[in-house]
S.K.: 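Here you go, one structure.
In what follows, every chain begins at residue 1, and chains take the letters A, B, ... in the order their sequences are listed.
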Amino acid sequence: MTTEVGSVSEVKKDSSQLGTDATKEKPKEVAENQQNQSSDPEEEKGSQPPPAAESQSSLRRQKREKETSESRGISRFIPPWLKKQKSYTLVVAKDGGDKKEPTQAVVEEQVLDKEEPLPEEQRQAKGDAEEMAQKKQEIKVEVKEEKPSVSKEEKPSVSKVEMQPTELVSKEREEKVKETQEDKLEGGAAKRETKEVQTNELKAEKASQKVTKKTKTVQCKVTLLDGTEYSCDLEKHAKGQVLFDKVCEHLNLLEKDYFGLLFQESPEQKNWLDPAKEIKRQLRNLPWLFTFNVKFYPPDPSQLTEDITRYFLCLQLRQDIASGRLPCSFVTHALLGSYTLQAELGDYDPEEHGSIDLSEFQFAPTQTKELEEKVAELHKTHRGLSPAQADSQFLENAKRLSMYGVDLHHAKDSEGVDIKLGVCANGLLIYKDRLRINRFAWPKILKISYKRSNFYIKVRPAELEQFESTIGFKLPNHRAAKRLWKVCVEHHTFYRLVSPEQPPKAKFLTLGSKFRYSGRTQAQTRQASTLIDRPAPHFERTSSKRVSRSLDGAPIGVMDQSLMKDFPGAAGEISAYGPGLVSIAVVQDGDGRREVRSPTKAPHLQLIEGKKNSLRVEGDNIYVRHSNLMLEELDKAQEDILKHQASISELKRNFMESTPEPRPNEWEKRRITPLSLQTQGRKGDHLFKDILSVKEKYLMPTIWTVEEKAQETDKSSHETLNIVEEKKRAEVGKDERVITEEMNGKEISPGSGPGEIRKVEPVTQKDSTSLSSESSSSSSESEEEDVGEYRPHHRVTEGTIREEQEYEEEVEEEPRPAAKVVEREEAVPEASPVTQAGASVITVETVIQENVGAQKIPGEKSVHEGALKQDMGEEAEEEPQKVNGEVSHVDIDVLPQIICCSEPPVVKTEMVTISDASQRTEISTKEVPIVQTETKTITYESPQIDGGAGGDSGTLLTAQTITSESVSTTTTTHITKTVKGGISETRIEKRIVITGDGDIDHDQALAQAIREAREQHPDMSVTRVVVHKETELAEEGED
Amino acid sequence: MGTPGEGLGRCSHALIRGVPESLASGEGAGAGLPALDLAKAQREHGVLGGKLRQRLGLQLLELPPEESLPLGPLLGDTAVIQGDTALITRPWSPARRPEVDGVRKALQDLGLRIVEIGDENATLDGTDVLFTGREFFVGLSKWTNHRGAEIVADTFRDFAVSTVPVSGPSHLRGLCGMGGPRTVVAGSSDAAQKAVRAMAVLTDHPYASLTLPDDAAADCLFLRPGLPGVPPFLLH
């Protein structure tokens, strides 16, 4: 073995074991199947390609199953296609052979490689197509020959060996081949033979693709958002994911987790196609017609990474608006319509557009001349907006509509009154007519279930109540109830959880649906999006009035060519390569997603990394990241179990502490820049907005620290004081990565809702296996269950998803009485001025924890003194920083009771460049002064006594925010009162922004502020002070 | 509309109506008002007008008092205005319905889009409608029914319109008001606290809440007249 080989196999230990195990077990079966196949050559050929993909995926799955010892009937499907797989590998070997070393580990490699090889394969396919087109039949012969002796693993390896480029020492190879052959073939197969096999297989592959359509494929038609239709052939037993991935490839869409496919079950019922299940089983006898739709509306579209994703969201919203599903006022119709025009027609041109008949557009369900005039009028005002900007503006306005992203279901309440249940990102809304009459935020819902046509939610007790209540709704029929339930499960999972929950384990005599959302959660998809690193794909906006013009999903340009390789089956490739290819792609994706946690992933990727083009590597990284994440999670999980015994709160704290260090991400830059416009809106959510509203206009997207900066004149320095008396508010911005990681830590915390006791063990298990068990669940779920139950993970997770919107929610929940532990966590999160970057997460975490601890102290208002100590004078490290859009990444390691500062990543000016390039907004480029600043953040923390459990569930009584301003300082005071265990506790958080130029002695101001705070509340103790200082350095002003 | 949430308190005009002498005749009690001292009311009214005009720099439109409409000065009940749309209400008390006429005329002259309530079954008092800048709450009180609230929802479709049960002899805005963006001020009475809690449950947006000792104090208006640079006012 070469060293390379060694390392490879080493890395893959786990997977390889799995792989070999699986494969070893299978040979017999395989052989049998092969025989069968050979006996019926024609048919087999025909069906090969698509199945191949399938088999691959199933293979993997199988392994997984073995791993989890949940293996099920899937293996049945595998054998028939083994042959195909071989050929597939062959191809890979040819092109990408240099990457692999033939070894015993080959099989594993192969498996791993499946994710990658596609591009090569494609190329290969194109190039060699003619060559290969000749013999098909031979393969079978070959196969037969091999059957007895050759295990499937062998073939690939052998062929690989043969095909390998000359770079590798042929001797070595041969040796290896021999080795492997000897090992597995028992010396029966000669090299020569393998060569033959190889070529034959290649041909076979080609051939089989040609024959593909003969059997077992079904034509699917998918209506896309622009009204065009996409059709493709699918293997009959293909899963929903296959089709969905095909469509996304066609659309060149990467951020696809927000979307889904709908099929019309009955005139008034549409169902989401479950990607994890066979299409056929879901459709039953319905025609294979689908519509591509947005399934999860991003609460903040500006956080999407790619314009193309926003574009599709726009198309969906335009549909929603035109159909009346998304009600708007006249003015909004006009405004949105005008952005549509701007996006589709560009700047208003009197000559060109004066004559356009706007009635060809549909801006509203019922369109009046008046509306069209208004639209035209507003259109004129958007001069200069690029299509992408216009889309962004469109979304900014659309997202605020009250029905944005609300999925309505007709129902009756317990009294038989017609109502509608709206499922949205934040929870469940109850409407009567157009009026919202009730709302159940996800944190409030303990359990969602359905039984026959009834749908139930179990909610936490309200403020003064002792018991949970269950609220029932009557849906038109059983299927409607189930559908609503599913939508709820999916929405909850998508928006509230870090990672999908594992479907309940199959037990004997278990009733009910085991359905769980198996896709990526919002946190995960954002995480994944951060890694998208392709050049913004070119796409053409199809005018809504010229629907016939098809949306050109095919990438353009050299860059995009490589993209295509990345995404097999993209556009033009499809026809040439047939379904088989695409399904391979599916495997790729599926694997990435499902095997996220498998440790083997990482090694594999590393292997590939150097060799494949960078784009590819990017793609892979997503999964690496994930797997890393998951691993971390796992570790934590275990740790947590241990700790759980101590106490819940203890646990939580542990999680927080163990939160992995987020890595700084390039994506940050990319994301922020294009968002400049939107972010302004977003900023509105900040407390500061109130105070500084005028000035914010000039700001780039950032967190409040930056706001401050921009606020006054250039070259002033600002110092922000955060004096926290017991409590802080989460102010931390938008970092999704943060979220993910935070949450990882929390996954396991035991359910804390009253009355609902979760076992820790299962939960932990979930962490480790949830993703991998998808296959078993999908096969076991029956469409017909009468009941389903779903308990939203309440754990800390709820307190942890922290994003812009969440921020709002947090605040919102504060005033809500009866907040439970979890909710309260949400309310408590600390506001480190540090903001944004991944690094800051940690800070937040720790702080929260500490706050929790503080809360627990029974006597609150207690004796934490000395908080400030003399630390006042201490200086944190200062970090140069750009104002422009990039928030200071100040990394504070807040250790309890200690002051700690660490360097933020230095943010570069690239921001500016980027924003120029994307011409996002004039504001960003013109008005934002580029000023170099120093930022430092110091946290002073008083020693906190951990109060232990018990104190967790306080009840929030009141929360109030008061803002006052003086010449150089702005003070925002946030007062929260909570009651727990009969003891009331008041937390006051003050944020003091001291603004001024160099003249002001900030330290003094700081001391003053703290003194004041203490004077004002003599009976309270200062538990925490966070100082965030930003100083603009004069040198680099933009002027 | 543009940016909801920013709309709170932005205004350019103020519409008031003089205090008729008939206001003192006892009708006021029916509206949950304390006993009135007519002279004082008129004096205060004058002060209000002055403040609106001079301190806030608003264009002040004043409708003449009408003796036949004792509650005429309570203009808040007669229209719900957001953006360029004015919903002319249909007050619960038939006696008050004529009040809307003058208001309608005035609003029309301002170029607002006027929406009427055609439904005979709907009743809506404007002071049962609280606009937070991001959404509406409609108090289902003695004066306002579900149908009336529905019409608010129909009229202002961009916004969530939630209904809040209001108990006691008060309009929703007699119990709470907006003390600033995202800040709800509420009285400390049971009814007021209940309403605030209900609103907290119903909303997607965060509001801080400020509790005041008495309900009447919560009946305030947050105004940001004129230019953005001018500091906001809280009008009681």
S.K.: I need the Asp433(A) CG to Glu150(B) CD distance, nearest 0.5 Å.
M.R.: 3.5 Å
S.K.: Distance check, rounded to the nearest 0.5 Å: Thr163(B) atom OG1 versus Tyr431(A) atom OH?
M.R.: 11.5 Å
S.K.: With a 4.5 angstrom heavy-atom cut-off, which part of Asp84(B) approaches chain A: side chain, backbone, both or neither?
M.R.: side chain
S.K.: Restricting to non-hydrogen atoms, name the atom on Asp158(B) and the atom on Cys328(A) that form the minimum distance, rounded to 0.1 Å.
M.R.: OD1-CA, 3.4 Å
S.K.: So for atom CG, which belongs to Asp190(B), do other residues, nucleotides or ligands contribute more than 12 heavy atoms lying within a distance under 6.0 Å?
M.R.: no
S.K.: Answer whether the closest heavy-atom distance between the side chains of Arg439(A) and Asp204(B) falls below 4.5 Å.
M.R.: yes
S.K.: Measure from the side-chain N and O atoms of Arg436(A) to the backbone N and O of Ala160(B), and report whether any donor-acceptor pair falls under 3.5 Å.
M.R.: no
S.K.: Roughly how far, to the nearest 0.5 Å, is the OG1 atom of Thr332(A) from the CZ atom of Phe156(B)?
M.R.: 12.0 Å
S.K.: Enter the distance from Ser329(A):OG to Arg113(B):CZ here, rounded to the nearest 0.5 Å.
M.R.: 7.0 Å
S.K.: Contact between Arg157(B) and Arg434(A) at the side-chain level, heavy atoms closer than 4.5 Å - yes or no?
M.R.: yes
S.K.: Please round to the nearest 0.5 Å and tell me the distance separating atom CD1 of Ile430(A) and atom OG of Ser162(B).
M.R.: 12.0 Å
S.K.: Among Val161(B), Leu202(B), Asp154(B), who wins on heavy-atom pairs under 4.5 Å with chain A?
M.R.: Leu202(B)
